[in-house]
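Report on the following structure.
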Amino acid sequence: MAAGRAFLGAPCSSLAAGARCLAFASPLPRNLTPALRCGVRGRCIASASSSPDSPPLPEPYVLTTPLYYVNAPPHMGSAYTTIAADAIARFQRLLEKNVIFITGTDEHGEKISASAEASGRNPKEHCDAISSSYRTLWADLDIEYDKFIRTTDRKHEAVVNEFYSRVLNNGDIYRADYEGLYCVSCEEYKDEKELLENNCCPVHLKPCVERKEDNYFFALSKYQHKLEELLTRNPDFVRPSYRLNEVQGWIKSGLRDFSISRASVEWGIPVPNDTKQTIYVWFDALLGYISALLDDGEQASLQQAVDHGWPASLHLIGKDILRFHAVYWPAMLMSAGLSVPDTVFGHGFLTKDGMKMGKSLGNTLEPKDLVERFGADAVRYFFLREVEFGNDGDYSEERFINIVNAHLANTIGNLLNRTLGLLKKNCKSVLAFDSIAAADGGLFRNKIENLVDKAKHQYENLLLSSACETVLEIGDLGNLYIDEQAPWSCFKQGGESAEKAAKDLVLILETMRIIAITLSPITPSLSLRIYTQLGFTEDQFRVLRWVCSCIIDMLYDSVLIYICSSSKIQSGIIRKCSLQSYMDQPQYFPEHVIIFSYVIRRIRNGEALKQAR
């Protein structure tokens, strides 16, 4: 059975207002073994424009993966980057950020033509097939991207042409002959000093070839001092810090102008002022981060795209393409008069059983196979928990199974199932108390809320592995608490002991609700199943925000909110509505006070007041 999938069973019925009933959970979890494919697929959501009556959206949080090269189907490395990006995007949405999560495919260049020819297809057919395989895998992995750009899209070509013209008009493009050692796999000329024996590329371990071409060049050297100033002024431009050191080393060693066209490559965007050449694949592909911001059917222009959300807040990439994103890309943007992204984060490589993966070694790791055997949640959790984000990481099946069983099944699944089992047996699945009354003044509540704050800080700083550990700490605290309080014994004693046991169960179920929210960026389908086990609906889960991670009344539909204008706090309650009504139409309550039981939290400035419901 798949960890993080089947152990939570079917969703229970919704919690009706005032009924306080929870359906019983499935039996205790079994160990992880290969299972059937997960039925819950990821969904792609488009950015919605706000209606005239809606409040203005906050500034966009634009997050990107690389545009993946379609010379071959997706592998675990590209899946890892995208899983991490999706987790970050989901967390930012919990913070009510206006997230635009961009991914896509890079479809031009010499290597694509060669791959298409080898497969017996023309380049367009080849690109269509491989790009589709990325979309399929992203759905299988529960990736909720907002924009998927292909560099063969017409809108992208229009943006590339306009950008090229800007850089040309700025005097930063010139024509010259170039001769050097060229890596076809990298699509890049290499310096001899960075090559291995026999002029082999250090990334692909293949010999580079001598090549001489009449090309157009970008004046990268002109931007050396500006790039140095950028890194000094904003050291967070490149993360982690040890990647920043690499970039600073490259720049200090001296920047050389680089070729941005190819005379020998037909499969690409023609150079606007010389159709006998095509634009270099990287000068083309990097602009996909901007062209992706355009809506389908919209008039394609560079400025229109920029107005939709540029600059990007975060580029997530593998460390092998750091030079393109942290040196070439910001210099190109400066030349075109555009802002540079806030941060470029370069993560490490994945290995399998301590060895670099490769078809020649017979040890490739196919993400599609992993998802089919174990489920998306298990795959997402293992790689985000076990690989410290930024460093290299290793996969072994034995460790995968042990980690997922121990954390998702035994710690989290067991806590939920044993608690709901006790509730059914001793309380007929009825909650005798709301969670605020159960947790009032308790040390346990304080510990949980401190861990929630800790997890928030870790998510914000891209410490994804640490955030997983913190959520697991919440689960460990819940298991320790229920073991220490022994509610099964207290129920047998009856009277006040039984009443305390009932409160303890509510407290643990509220802890499970908090786990569902705080873990949802990592394991979205699992978190949804936990939430529905607790009696909530999928719609309620979809509108959750991080503020909901605090301990509140679990009777979501029956809680009343009291609305006050900030200028009339002293005059008392103006009107009231159900919490569901508020969540459905929050734009109608821009300034408000929410009262849960006897606690008022003033959302705007955090002032605490008291007033009986």
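The structure presented is a predicted model; accordingly, all values stated were derived computationally and were not measured.
By the side-chain contact (heavy atoms from CB on, under 4.5 Å) test, Ala79 pairs with Met76, Leu137, Trp138, Leu141, Pro367, sequence neighbours left out. In terms of the side-chain contact (heavy atoms from CB on, under 4.5 Å) criterion, residue partners of Glu157 (sequence neighbours excluded) are, by chain and number, Asn161, Ile269, Pro270. With sequence neighbours left out, Phe258 forms a ring-ring contact (aromatic ring centres under 6.0 Å, His included) with Phe218, Tyr328.
Of the possible donor and acceptor atoms, none in the side chain of Glu117 sits under 3.5 Å from a partner among the backbone N and O of Ala114. Checking side-chain atoms of Asp392 against main-chain N and O of Phe349 turns up a donor-acceptor pair under 3.5 Å. Put simply, the side chain of Tyr459 gets close to the backbone of Thr518: a donor and an acceptor are under 3.5 Å apart. Although no hydrogens or angles enter the test, the distance criterion places no donor-acceptor pair under 3.5 Å between the side chain of Thr105 and the main chain of Ser131.
Around atom CD of Glu298, more than 12 heavy atoms belonging to other residues, nucleotides or ligands sit under 6.0 Å away.
A donor and an acceptor atom, one from each side chain of Thr343 and His315, are nowhere located under 3.5 Å apart. Neither side chain, Ser465 nor Glu388, offers a donor N or O lying under 3.5 Å from an acceptor on the other. Judged purely by distance below 3.5 Å, without hydrogens or angles, the side chains of Tyr61 and Asp342 never pair a donor atom with an acceptor atom. A donor-acceptor contact closer than 3.5 angstrom is absent between the side chains of His75 and Tyr68. In this model, no donor atom of one side chain and acceptor atom of the other lie less than 3.5 Å apart for Asn71 and Ser115. At a cut-off of 3.5 Å, with distance as the only test, a side-chain donor of Asp284 or His156 sits close to an acceptor on the other residue. In this model, no donor atom of one side chain and acceptor atom of the other lie less than 3.5 Å apart for Ser466 and Gln458. A donor-acceptor pair shorter than 3.5 Å cannot be found between the side chains of Glu398 and Ser396.
Residues Trp282 and His108 keep their aromatic ring centres 6.0 Å or farther apart.
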After noting the C-alpha distance and the side-chain angles of Tyr395 and Phe382, does the key distance pass the ring pair (Phe, Tyr, Trp, His ring centres under 6.0 Å) rule? CA-CA 9 Å; Tyr395 169 88; Phe382 175 80; 5.8 Å; yes

Start with the C-alpha distance between Arg262 and Ser264, add both sets of side-chain angles, then the distance that settles side-chain hydrogen bond (donor to acceptor under 3.5 Å, both in side chains), and finish with yes or no. CA-CA 6 Å; Arg262 297 290 184 267; Ser264 58; over 6 Å; no

Going through the checks in order, is the ring pair (Phe, Tyr, Trp, His ring centres under 6.0 Å) test met by Phe283 and Tyr280? CA-CA 5 Å; Phe283 198 90; Tyr280 172 49; 8.3 Å; no

Given Asn479 and Arg418, is the side-chain hydrogen bond (donor to acceptor under 3.5 Å, both in side chains) satisfied, shown in steps? CA-CA 10 Å; Asn479 278 302; Arg418 69 197 292 214; 3.1 Å; yes

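Taking the charged nitrogens against the carboxylate oxygens, Lys319 and Glu246 have no contact shorter than 4.0 Å, which rules out a salt bridge. For Arg150 and Asp128, the salt-bridge test passes: some basic side-chain N is under 4.0 Å from an acidic carboxylate O. The pair Lys147-Asp295 counts as a salt bridge, with a side-chain nitrogen and a carboxylate oxygen less than 4.0 angstrom apart.
Judged by a 6.0 Å distance limit and a 45° cone about the ring axis, Lys111 is not positioned over the six-membered ring of Tyr69.
A perpendicular orientation is assigned to the rings of Trp329 and Trp310, their planes being inclined by more than 60° (bins at 30° and 60°).
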